[in-house]
Amino acid sequence: MQDLLTERYDPALIEPAVQAQWDDQRTFAAVEDPAREKFYCLCMFPYPSGRLHMGHVRNYTIGDVIARYQRMLGKNVLQPMGWDAFGLPAENAAIENNVPPAEWTRSNIAYMRGQLQRLGFAYDWSREFATCDPSYYRWEQWFFSRLYEKGLVYRATAVVNWDPVDQTVLANEQVIDGCGWRSGAPVERREIPQWFLRITAYADELLDELDRMDDWPDAVKTMQRNWIGRSEGLSIRFALSDGSGDLEIFTTRPDTLYGATYMAVAPEHPLTLQAAASHADIAAFVESCRHQSTSEAVLEKMEKQGVQLPFTVEHPLTGEALPVWTANFVLMGYGTGAVMSVPAHDQRDWEFARKYQLPIVQVVAPTDDKGADIESAAFTEHGIAINSGSYDGLDFQATFDAIADRLTAEGRAERRVQYRLRDWLVSRQRYWGCPIPVVYDADGECQPESDAQLPVVLPENVAWEGVTSPLKKLPEFATTVLADGRPGSRETDTFDTFFESSWYFSRFCCSDQKESMVDGRADYWMPVDIYIGGIEHAVLHLLYARFFHKAMRDAGLVHSDEPFTRLLTQGMVCKETYFREGTSGRKQYFNPADVDVTTDEKGRAITARLRADGDEVTIGPVEKMSKSKNNGIDPQTLIDRYGADTVRLYTMFAAPPEQSLEWSDTAVEGAFRFLKSLWRLTLRHASERPQEQGNKPLLPALRTLRRHIHETIAKVSDDVSRRYKFNTAIAAVMELVNHLTRAEADTGEAWSVMQEGLETAVLLLAPIVPHITQALWQALGHDGLLAEQTWPVLDSAALDRDTLELVVQVNGKKRAVVNVAPDADRETCEAAALADSNVQKFTTDRVIRKVIVVPGKLVNLVVQD
RNA sequence: GGCGUGGUGGCGGAAUUGGUAGACGCGCUGGACUCAAAAUCCAGUUUCUUCGGAAGUGUGGGUUCGAUUCCCACCCACGCUACCA
């Protein structure tokens, strides 16, 4: 290392040398120690797609900065890394390149692991695993059986996208404009039996706990609340007029019951289907709805349509006969697939009633005197009951309760809580996933595979023909012998990959455990203290993981209610786009690396030309880096050119973690420049070590420099620990380095303050740029690892000032800055302000009506014009 | 439509509890060094200006001695979600 401390900053030599020191000393291996406070820092593990992208770099750098900072505070830190290794892209690669998914995945992991190591992240690699390892997924198979025993697993039919040409089930993202992505054939909807997890059993807890999760972003909590979508209402049975049964509906507005003028049921509702059997027009409508629902784009502007059904129901309060319609806006999947329509107070019902000339009866009046214009739109707010018999004059809650109580007493209704949340469909008709551990006997009766038979191993050396899952064609997998000796067959569906990512954080605590899913080490490390990842996982992954953790808790496996104490959601990494528009209007995008941009004298982009042909390309908006926009910057190229520290520094400096980050190549250059100048400054200083360090009292200039040093410690500590604002932390260190650069180091005392300043800068930057700071730490005369050092301690005495700058305003406008003693009283401040010549220009010959003194900050003189 | 986030120089961003708007960095302009280039260093850089100042944080109001910050109304952008009864 010592021979690397030359005039030239060469990250390509320094970084591997420092990483070798960490590896030799197993610096980041985490060991459970009940005597020490733990800190579990986790980033969402990556899908091994091939190469790291800039989003990964940003995510993992944020996590690494936090983990390394917590280490320096003395905490026992666990920061693991692994691979979310099952998933569709591996199958696609297999089809395209004829490589088995396992092989493709494992070689990607090997490459990406190398990239992560090159970036110098402080991971405990001894805990690494991939979710496609049987030693990992066997335990989720085992846990599936526990959930099955508890009744939290069930089998039911569900609709899938079926490609009639390829004879396979398609994932939603494989359906493009209603057609199969490979075959181009129109996708059909098929109902097949699939496995579900009863997440709805935990709906209330998942919802209620959000109120106590103070360290989660409000945005994410709101999204989860909306997703769970709890609503309280009344389930009411309307009697069919012919006495053949009831039509059950769910409403959150029983207070509008008197305004119900018709009923609307879904096209798939049994009563609709029953009527369709004997009425051609209804059957035709049902058929047209079936086709409409496939394309979501059409749904957006779809007009409300319906057909009247050949029967009526009885209004439970008035006894009036109400017509029943089937309508395309009523969803079979929510509530009972039927609604009571109150056109005066529901916009959809209003539009439908208008179109088909159904009566609109107002039964709620607004509480203010604005009135409600039922002619132009529905009045959907709560108000006072009118036209509602004996309930007139009651407010929303009173009407709700009175009607609910009456109908409940009459046996026509029950209060009910309805969720938008559906049970979690975990079956995937895919090969590259964890086999669902279920076996069937000859009659199709199913049971979970016995624990002794686990894991049900996914065969990895499979011949891939066409596009369908090879599992179904593998007799050695698909056939088996049941526990009682009878012949049986295996489930060939695999788990949704969210299944694996729902508990990997617990497994990291004890990934070498062969006898159980988790052990007592999970009690030491869990819950995760901070979880960092993209906002795109706000609902699905983070909700499934919360549910799974609670299910594991109830099985006695873990002992916390929530898996993630704090959540930090990072913003997207964005970049300008460049494109040309073809004659068909289709855009062809060019990578920023292949485009030259010219600017005017203000630095505004004027034109962009493709380097290959020199012709102009259009400068498009700044968008999230993506394959489709071809605006990705390859991190590896930057690491090769500038080193890991520069890439880490720039990603932390360009924007705060939660905001989107606009990538700028020239600003990366600036980050590199800063590291180079810190390097030069430190080495020059180290070479000037004086014989005598000096112990005279510090001159004012040096006291000021020391104050800057300790102000920086205060600022950076707050930014990193409380605010998670690494951009301003870095800016503060840059400012300190600017001060140090300008300082004269001509005495022993000056050298010592400089030494303190540089040591401080190195320590404060250590979590962000760990390689260069390690080298500089040695240049400053220290042995050993910077990673084992403690965070700098603030010397609050160093913050004391001789004088304070006080801003003087006249009528709120800044007119002067005057110096006063830090403990100056009001009168002194006021006098100093009035004595300033520039202030006097605005105060002479005018009456000072009021003086506001904010101690230590400013004086505002309010004068009469 | 609903929910959420945001709107500040040429650009990324800063201003943490209502108290100096534009920290830090990029870019740009000028200069030094150099045969030259790169690298490096120095100075300047919100706009307008009669060089006194004036205006200025999406728009329009309000509260306040004082508002990027709080309140009301609106506009725009992005994200998620979507006929949820």
Side-chain angles (χ1 to χ4, degrees), chain A residues 217-223 225-227 229-231 233 249-253 256 264 296 299-300 302 304 327-331 333-342 346-349 351-352 418-421 535-536 538-539 571-572 574 599-605 621-624 649-650 653-656 658-671 673-674 676-677 680 715 718-719 722-723 725 727-735 737-738 741 805-817 838 841 849-852 854 856-863:
Chain A
D218 289 333
V220 174
K221 288 191 281 190
T222 306
M223 278 191 248
R225 282 192 190 100
N226 293 342
W227 190 263
R230 183 191 150 100
S231 51
I249 61 100
F250 173 75
T251 180
T252 54
R253 293 295 301 275
T256 63
E296 298 207 0
L299 250 169
E300 197 168 327
M302 198 167 70
K304 292 183 177 34
N328 60 355
F329 67 88
V330 182
L331 306 175
Y334 186 77
T336 59
V339 294
M340 67 174 199
S341 286
V342 186
D346 181 284
Q347 189 58 27
R348 286 160 312 175
D349 297 346
E351 285 168 26
F352 193 82
Q418 182 71 39
Y419 298 97
R420 212 192 73 109
L421 181 70
I535 184 88
E536 66 272 21
V539 178
M572 302 175 298
C574 304
T599 58
D600 67 7
E601 73 282 358
K602 284 224 158 183
R604 267 180 288 240
V622 173
E623 297 193 63
K624 177 180 176 164
L649 180 66
Y650 173 70
F653 182 58
E658 310 220 52
Q659 276 180 39
S660 62
L661 181 159
E662 195 182 318
W663 194 268
S664 154
D665 291 327
T666 52
V668 176
E669 198 84 46
R673 211 145 47 211
F674 170 71
K676 279 193 288 188
S677 63
R680 268 196 310 273
K715 165 76 177 156
D718 187 46
D719 280 349
R722 181 179 63 87
R723 303 208 308 151
K725 289 246 193 179
N727 56 329
T728 51
I730 293 165
V733 180
M734 284 176 168
E735 247 177 298
V737 172
N738 289 343
T741 306
E805 289 188 339
L806 198 63
V807 170
V808 185
Q809 297 180 332
V810 180
N811 287 348
K813 288 196 168 66
K814 180 185 165 190
R815 296 300 178 191
V817 178
N838 197 49
K841 280 200 289 192
R849 296 168 51 112
K850 197 170 174 184
V851 180
I852 286 123
V854 183
K857 286 252 167 80
L858 60 69
V859 176
N860 189 13
L861 305 169
V862 185
V863 305

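Just so we're clear, the structure is a prediction, and the values are computed from it rather than from any experiment. Every chain is numbered from 1, with letters handed out A, B, ... down the list of sequences.
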Determine the interatomic distance between C1' on B:U46 and the same-named atom on B:A14; round to the nearest Å.
15 Å
Counterpart residues, side chain to side chain contact (heavy atoms under 4.5 Å, CB included), relative to A:A264 (two or more places apart)
A:Y262, A:A327, A:V330, A:V339, A:S341
Kindly give the atom pairs (protein nitrogen or oxygen, nucleotide nitrogen or oxygen) under 3.5 Å for nucleotides 19-25 of chain B.
from, atom 1, to, atom 2, distance (Å)
B:U20, O2, A:K814, NZ, 2.8
B:A23, O2', A:E735, OE1, 3.2
B:A23, O2', A:E735, OE2, 3.4
B:G25, OP1, A:N738, ND2, 3.3

Who passes side-chain hydrogen bond (donor to acceptor under 3.5 Å, both in side chains) against A:K841, sequence neighbours left out?
A:N838
With sequence neighbours left out, what residues match A:K676 under side chain to side chain contact (heavy atoms under 4.5 Å, CB included)?
A:Y9, A:F672, A:R680
Looking only at side-chain N and O atoms, does A:R420 come under 4.0 Å of OP1 or OP2 in B:U81?
no
The ring pair (Phe, Tyr, Trp, His ring centres under 6.0 Å) partners of A:W227 (sequence neighbours excluded) come to none
What residues, two or more places apart in sequence or in another chain, satisfy side chain to side chain contact (heavy atoms under 4.5 Å, CB included) together with A:A655?
A:R58, A:L661
Who passes side-chain hydrogen bond (donor to acceptor under 3.5 Å, both in side chains) against A:Q418, sequence neighbours left out?
A:R416
Under the side chain to side chain contact (heavy atoms under 4.5 Å, CB included) test, residues paired with A:K813 that sit two or more places apart
A:R815
Under 4.0 Å from OP1 or OP2 of B:U40: is there any side-chain N or O of A:K676 that close?
yes
For nucleotides 49-56 of chain B, just jot down a letter per nucleotide in 5' to 3' order: B, S or -, based on protein non-hydrogen atoms under 4.0 Å.
---SSSS-
One should report the stems of RNA chain B, each a stretch of at least three consecutive Watson-Crick or G-U pairs at distances under 3.5 Å, as B:1-7 with B:75-81, B:10-12 with B:24-26, B:27-32 with B:40-45, B:46-48 with B:53-55, B:58-62 with B:70-74
Taken in chain and number order and not counting sequence neighbours, the residues that satisfy salt bridge (charged side-chain N to carboxylate O under 4.0 Å, His left out) with A:R723 are A:D719
Set of residues satisfying ring pair (Phe, Tyr, Trp, His ring centres under 6.0 Å) with respect to A:Y650, sequence neighbours excluded:
A:W663
Among B:C3, B:C26, B:U16, which nucleotide has an atom closest to any side-chain atom of A:N226?
B:C3
